[in-house]
Amino acid sequence: MKRFAVLASAALLLAACQTEKVETSVIGEVQIVPVITKATDVNFESGDAIGVSIVRAEAQYSVNDKLTYSNDVFSGTLMWYPEAMDKCTVSAYYPYQASGVPTSFTVASDQTSGLSASDLIAGVKADVTPSANAVVVPFKHQLTKIVLNVDNQSGAAISSVVLGNSKVTADVDVPALKASASESSETADIKAFAVEAGVKYASIVVPQTVAFRLSVTTSTGAVLSQNLASAELKQGGQYSVNVTVLPADLKVSISGEIENWTDEGEIGAGEPDFIEFEEGIGYFIYKNERYSTVTLSNGSVWMSQPMRYVPEGYTVSTDPAEGHIWAPYTLVANEDGKTYTPVPSTDRNFIETNGYLYDMNVILGADVTAENAATFEGAQGICPAGWHVPTWDDYFAICGASNKRLTDSTAPSNPDAVFYDETYKAGRITLMNAGGWNVVLPGLRQMNSETATPVFGTTYADATKCSIEAYYGHNAMSYFPTSTLYNIKNNTDGSLNSIQFFAAMTTFTSANIDGKFSLSYMNYRMGSQLRCVKDAASE
């Protein structure tokens, strides 16, 4: 069965002109003209087959006879009974099953090649008498259709769209036109059909009450997932899911219009109960916040979004002179065109994309001192259980470039690092984004010593030194702290000057226009984003 416009008006005209009750005996083939009700987007094509059953005077006259579609009608070897005045009820279903009229029906888990095999359609016509004319039978969709409208802003092509958590088998009663999820049905992932690749997808599912798990896989290998709100799916109903695909996340919104099937509205994002920690493929939920993750070619698993957790006892500040956690910000040019004003934002969507800025006391979950600074290597900190604040080794394995450690005679280099670029002699940010790591620039709270005045960084990203348009207006210098201590500096009087940890750093210049990513040093009082990495033993 394929999709094109039904000649519904012609079929209905035929129905209006048809005489189902005749005064003489008629012996001939049973023929059926199908009319799809409540939709105009479905028609049968030559060779499609239906199963037909006829009940005459409460006795079964025909059971599951096969009729095949040709020249706008279904016909076969089934003949009418000779008693032309006797009424009967005709029931039919598609797709035909040689094993008999189905009492259960299972949709395909892989619908990427089309929906026809999963689209159970049935029709019933009562008070029919034998006739030389074809019987017009109204057919109805017995299952449910999900249409996914996709706005792809990820920068990568979409490889697949999958609906998880769905029961796939329905109990059906063709003569009664009823279908509902079987109590014993297994749940499965259903791969959607690309109606228009990258833009519109569809699946046929069993009527049920379900909270789908929507997963989108991009050409980079990133798997982005989102729980949908629980919905009671009606038989014959069509529901829309409107999805925005971001580099490291999905946004599911309630909008759009249904054109086909029975309009049953839209399904939006789910609101989960409080979840301390739950991990799935391509994501985890921590403190009720969902974060996308990415598995790199070296096997390491990273957050592909910055942390946005606020531990108990802390608040988020928009003033760099106050607090330990700060809101992310953008930069607005001043009238002189040479300087910029940081504009922090507490907008929910902005926070989801950019996370918060933390000092090391928050990140490591303890007050950092000169005495304990060297004890945090590989610490969990505020990361979820089974994850940790990255070490120097973790970042070096993906960027391959670092400033010298105290024990180094030359700056370390690793050309085999995941995102190392020979031209940049470091990680290349465009490669990191293409690989799903998703570098973002939320800003930086700068404070380089115990006595320095803290400020928000204002190194402006623009087209003269940055090729990534999404970064324009953001602070081009962003740090990604590690739990690895670099050095402790004291003033000449013996007082503490600074405690420095290693941190990965972004650099944009006209010579590094795609962005350089390498390890440098960062004072523990600076505020920066946090990415956690999964413990090797937990993978």
Side-chain angles (χ1 to χ4, degrees), residues 1-3 39 41-42 95 105-121 141-154 156-170 181 185-208 210-231 233-234 236-246 249-270 280-283 292:
M1 189 173 65
K2 64 182 180 181
R3 306 293 175 183
D41 73 327
V42 179
F105 187 86
T106 300
V107 299
S109 58
D110 186 349
Q111 299 181 11
T112 54
S113 60
L115 304 180
S116 296
S118 297
D119 190 5
L120 179 64
I121 301 174
H141 299 282
Q142 300 301 289
L143 305 182
T144 304
K145 186 177 182 181
I146 306 294
V147 175
L148 301 111
N149 302 305
V150 177
D151 177 12
N152 184 12
Q153 299 179 18
S154 70
I158 292 176
S159 300
S160 68
V161 176
V162 175
L163 287 172
N165 298 340
S166 177
K167 288 189 173 183
V168 293
T169 299
S185 175
E186 295 181 351
T187 59
D189 292 343
I190 297 177
K191 296 181 180 179
F193 170 65
V195 180
E196 182 180 352
V199 177
K200 188 174 185 178
Y201 295 79
S203 291
I204 301 296
V205 300
V206 170
Q208 60 191 286
V210 61
F212 288 118
R213 181 71 180 172
L214 173 64
S215 298
V216 175
T217 302
T218 69
S219 56
T220 65
V223 181
L224 311 174
S225 301
Q226 170 69 59
N227 287 326
L228 304 188
S230 179
L233 305 182
K234 297 180 180 179
Q238 175 175 293
Y239 299 78
S240 71
V241 179
N242 300 296
V243 186
T244 300
V245 183
L246 301 173
D249 200 6
L250 296 181
K251 299 291 185 182
V252 181
S253 61
I254 300 178
S255 62
E257 202 168 308
I258 308 295
E259 296 179 353
N260 306 313
W261 291 48
T262 304
D263 182 353
E264 299 296 348
E266 300 87 6
I267 302 174
I281 299 174
Y283 76 98
S292 297

Is the backbone N or O of [Y] less than 3.5 Å from a side-chain atom of [X], with the two atoms forming a donor-acceptor pair by type?
X    : Y    : answer
N165 : A211 : yes
S185 : T169 : yes
Q111 : I204 : yes
S166 : V168 : no
T144 : K234 : yes

So which heavy atom on [X] is nearest to which on [Y], and how close?
X    : Y    : value
A108 : S118 : N-OG, 2.9 Å
L148 : A192 : CD1-CB, 4.3 Å
A156 : T218 : CB-CB, 4.0 Å
V195 : A202 : CG2-CB, 3.9 Å
S292 : L224 : OG-CD2, 4.1 Å
A197 : A194 : CA-CB, 4.1 Å

Is [Y] close to [X] at the side-chain level, that is, under 4.5 Å between some pair of heavy atoms?
X    : Y    : value
K200 : F193 : no
Y239 : L233 : yes
N149 : S240 : yes
V161 : K191 : no
V241 : I146 : yes

*asked:* Within a 6.0 Å radius of atom CD on Q153, are there more than 12 heavy atoms belonging to other residues, nucleotides or ligands?
replied: yes
*When you look at NZ of K167, are more than 12 heavy atoms from neighbouring residues, nucleotides or ligands closer to it than 6.0 Å?*
yes
What distance separates [X] [atom1] from [Y] [atom2], expressed to the nearest 0.5 Å?
X    : Y    : atom1 : atom2 : value
I190 : F212 : CD1   : CZ    : 6.5 Å
S215 : L163 : OG    : CG    : 8.5 Å
L228 : L214 : CG    : CG    : 5.5 Å
R213 : T187 : CZ    : OG1   : 14.0 Å
S203 : D189 : OG    : CG    : 11.0 Å
L246 : S154 : CG    : OG    : 8.5 Å

*Would you mind telling me which of V216, T217, V162 makes a side chain to side chain contact (heavy atoms under 4.5 Å, CB included) with V223?*
T217
_Which residues share a side chain to side chain contact (heavy atoms under 4.5 Å, CB included) with F105, sequence neighbours left out_ = P95, Q97, V107, L120, L143, V172
